[in-house]
2 protein chains.
Amino acid sequence: MKRITIYDVAKEADVSLATVSRVINDSNVVREDTRLRVQEAIKKLGYKPNAIAQGLALSKTTTVSIVMSEKLFAYNAKILNGLMDVAKIYNYNIMFHTTSKGISRMQDVIESIIKSRVDGVILFNDNFSQEEMEVLNDYQIPTVVVGSRIEDNGIETVGNVYINFEQLAYELTNRYFERGIDDISLVEDKLNMSTMQQLKAGMERAFKENGKEFTKYISYDETYKSSYAFLTEYFKTHKPSKVVVTLRDSQAIAMMNAGTEAGYTVPDDAELICVLNSKYLMMTRPNVSTYNVPEYDMGAVAMRLLTKMLVNDESVKNNNKINMSYNYMPRQTTKD
Amino acid sequence: MKRITIYDVAKEADVSLATVSRVINDSNVVREDTRLRVQEAIKKLGYKPNAIAQGLALSKTTTVSIVMSEKLFAYNAKILNGLMDVAKIYNYNIMFHTTSKGISRMQDVIESIIKSRVDGVILFNDNFSQEEMEVLNDYQIPTVVVGSRIEDNGIETVGNVYINFEQLAYELTNRYFERGIDDISLVEDKLNMSTMQQLKAGMERAFKENGKEFTKYISYDETYKSSYAFLTEYFKTHKPSKVVVTLRDSQAIAMMNAGTEAGYTVPDDAELICVLNSKYLMMTRPNVSTYNVPEYDMGAVAMRLLTKMLVNDESVKNNNKINMSYNYMPRQTTKD
DNA sequence: TTGTAGGCGTTATCAG
DNA sequence: CTGATAACGCCTACAA
């Protein structure tokens, strides 16, 4: 089956290629009967417009890039669903890029993004630098960062859809202060350091405002295959804090298992909060307390924001940082 | 920053665009000093070749499409990692498509794949029909299906990288027959019916060969929000089979929780096997027995196969169905 | 309402 | 070794 082009359709329908182009693009100047004739030819030949050629002619690809860390892939599923659904609505194609330490450095990804001439890009706030964002900016590629908050650098062509994790941690900490508890640990997740930094900052702020110092940031190196392995070791010499906060489900579950096996009970000896919700937190006994974060919506909002930026919608000019709300969802691993 | 083109570079380096094109494409006919001059101009101007224009000129986009069900996204993470890593090695870009009932029907996805003029496509064996694959075939788009086995239709331009789930279930069943156990249930997972069919077929074959009939295919409709909700209800009137097989972790864990709460113990009252491994199966107590399926490798192999098909490698002409091996990994929910 | 011709940014083929 | 020039497939003034 020969690649069939607009010329073939034109010949078949006995019109010029311009006319074919018009019916493809829903121009309303073409007469009804010729439109029909063209559409028939299109169907008969199975013609599909070449998006590449269209892209060249229009300097517009109607595709946007999404880039995220390979490791966070499974965790970002819902955000991605939101992104994809909205992209679909606006008829955008998605170029998908993953970054990982070894094979695909962020720099290469940026390179291919620029070459692809995508109209815009969605960046997950994991592992890119200020510098890399500036490159995107230099090439005038509208960008929105989704996940955690980005610093307010002068770059105003980048949007941001985020959860204020700093505030979340601040509030969480104060809630325990009110109950007279200040023995709080935060377990590091190396997969998303920017979020960790913000959680840590929020706790530090709360402690500082209360004339105390936050010291229990639990970090462990990668010689431990998992947080479970680490915590099992850890609990041989430490007892858990009254409150343990983790970012992701696997760390929370690891904490529960390791703690339980070390003879501690949740929530009596230690309360446990996992910041990011997942269905697995309902599968443990007791169920793990968490926050409801509107993940799907974050994706949807981010993509919608990007599409607006792409059409130069005035309404987003100075209004492209969107703070998404969250709410605390106590379950069985906390006493509140 | 004006979009800078090959002409700008040519002028800057005082050569023709043809020469610039040559140095971009590593042609070895260009003299050393002019190459240097051109490269300098490229760097100075920040020029990046326009992949769209290249695509038009070459009738080759060096991008491949990946399409998977939106719902299975988190579960396919490892396969995707394998796909992405190999794609990166071969410098292929990835167009990412998701299908879901409401918003994006497979038909639309196919449409956009064809328009995009991608070089090839990777299909997850979830929710597409024979017919849709034939469309891809009509447009001569090399395709490889990853996941479970596809039926041997006449279409030889489609590769397949798969786990033989039929055989897996057959062996599993026979292993229990040898122990004198034939009270075996298989819990349906609606998200991947093609895999379910194959598991079911394998069990049926084993039963039939032993003069018995397999009857305990447990299916439940979507009025139940989760398999946990269903099983909790189910165990009020049924006792679990001696052996329960599920496809995915969440079903296995649901079975454990619902069973335990109904007064049954695993593995004494019921042994439990989850076909697809995940880290969460190690987080339960007891740990869930499972199969090791080389997910990352499946992705890597699939993408490698596709790249070979794209360069018309003879070695894959009649050798594009690749059966991946798996192995049983008993843990604490089984007695073997 | 329709057709003609130039342009989008590259690559490839020929001359020189 | 380098430079014109014709594709690649489509869109869009501009003319008719």
Side-chain angles (χ1 to χ4, degrees), chain A residues 1-39 41-42 45-63 93 112 114-119 139-140, chain B residues 1-39 41-42 45-63 91 93 112 114-119 139:
Chain A
M1 184 176 181
K2 166 181 171 297
R3 290 284 198 216
I4 96 117
T5 76
I6 201 170
Y7 287 98
D8 302 314
V9 177
K11 194 189 297 173
E12 177 74 27
D14 198 31
V15 294
S16 79
L17 78 169
T19 301
V20 177
S21 175
R22 288 187 187 103
V23 344
I24 291 172
N25 298 294
D26 288 326
S27 161
N28 48 5
V29 300
V30 33
R31 210 198 308 139
E32 190 57 18
D33 61 323
T34 100
R35 167 195 308 287
L36 255 42
R37 204 147 31 92
V38 171
Q39 282 170 334
I42 287 177
L45 301 179
Y47 167 73
K48 309 276 184 197
N50 181 329
I52 298 301
Q54 289 178 320
L56 224 211
L58 294 173
S59 301
K60 179 171 181 325
T61 52
T62 47
T63 108
N93 290 313
S112 83
I114 294 171
K115 288 186 184 169
S116 309
R117 299 297 195 267
V118 296
D119 297 333
Y139 282 89
Q140 314 218 57
Chain B
M1 185 176 179
K2 166 182 172 298
R3 290 283 197 216
I4 97 115
T5 76
I6 202 170
Y7 286 101
D8 302 314
V9 177
K11 194 190 297 173
E12 177 74 27
D14 199 31
V15 293
S16 79
L17 79 170
T19 301
V20 178
S21 177
R22 288 188 187 102
V23 345
I24 290 172
N25 297 295
D26 289 325
S27 160
N28 48 5
V29 300
V30 35
R31 211 196 309 139
E32 189 58 17
D33 61 324
T34 100
R35 167 196 307 285
L36 255 42
R37 204 146 32 94
V38 171
Q39 281 170 334
I42 287 178
L45 300 179
Y47 167 72
K48 310 276 183 196
N50 181 330
I52 299 300
Q54 290 177 320
L56 224 212
L58 295 173
S59 301
K60 179 173 181 322
T61 52
T62 47
T63 107
N91 262 301
N93 290 314
S112 84
I114 294 170
K115 288 185 185 170
S116 308
R117 299 296 195 268
V118 298
D119 297 333
Y139 283 89

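The basis for the numbers below is simple: all heavy atoms, side chains too, and nothing from hydrogens, waters or symmetry mates. These numbers were taken from a predicted model, which means no experiment stands behind them. Here is the naming used below: chain letters follow the sequence lines, and residue numbers restart at 1 for every chain.
For A:N50 and D:dA7, the CG to C1' distance is 14 Å, given to the nearest whole Å. Atom CD in A:E32 sits roughly 11 Å away from atom P in C:dT2 (whole-Å rounding). Rounded to whole Å, the distance from CD1 on A:I6 to P on C:dT2 is 15 Å. The interatomic distance linking B:I24 (CD1) with C:dG9 (C1') rounds to 10 Å, in whole Å. Rounded to a whole Å, the OH atom of B:Y7 is 12 Å from the C1' atom of D:dG3. Atom pair B:N25:CG and C:dT13:C1' shows a separation of 15 Å (rounding to whole Å applied). We find that CG of A:D26 is positioned 16 Å from P of D:dC10, with the value rounded to whole Å. If you take CD1 of B:I52 and C1' of D:dC10, they are 13 Å apart, rounded to a whole angstrom.
Between B:L17 and B:D33, the one whose closest nucleotide on DNA chain D sits nearer the 5' end is B:D33. Of the residues near DNA chain D, B:V29 and B:L58, the one whose nearest nucleotide (by heavy atom distance) lies more toward the 5' end is B:V29.
Residue-to-nucleotide contacts include a donor-acceptor pair under 3.5 Å from the side chain of A:R22 to the base of C:dG3.
Considering only side-chain N and O atoms, A:T19 lies under 4.0 angstrom from the phosphate OP1 or OP2 of C:dG3. Distances shorter than 4.0 Å separate none of the side-chain N or O atoms of B:S21 from OP1 or OP2 on C:dT10. Contact check, B:Y47 against C:dT10: a side-chain N or O comes under 4.0 Å of OP1 or OP2. Residue A:Q54 has no polar side-chain atom (N or O) positioned under 4.0 Å from OP1 or OP2 of D:dC10. OP1 or OP2 of C:dG9 has not a single side-chain nitrogen or oxygen of B:T5 nearer than 4.0 Å. A close approach under 4.0 Å does occur between a side-chain nitrogen or oxygen of A:T34 and OP1 or OP2 of C:dT2.
In this structure, of D:dC8, C:dC8, C:dA12, it is D:dC8 that holds the atom nearest to the side chain of B:S59.
Side chains of A:T61 and A:S116 form no contact here, defined as non-hydrogen atoms less than 4.5 Å apart. Annotation: side chain of A:L45 is in contact with side chain of A:V9 (closest heavy-atom distance under 4.5 Å).
Residue-level contact check: B:V15 touches the backbone only, with heavy atoms under 4.0 Å from sugar-phosphate atoms and none from bases.
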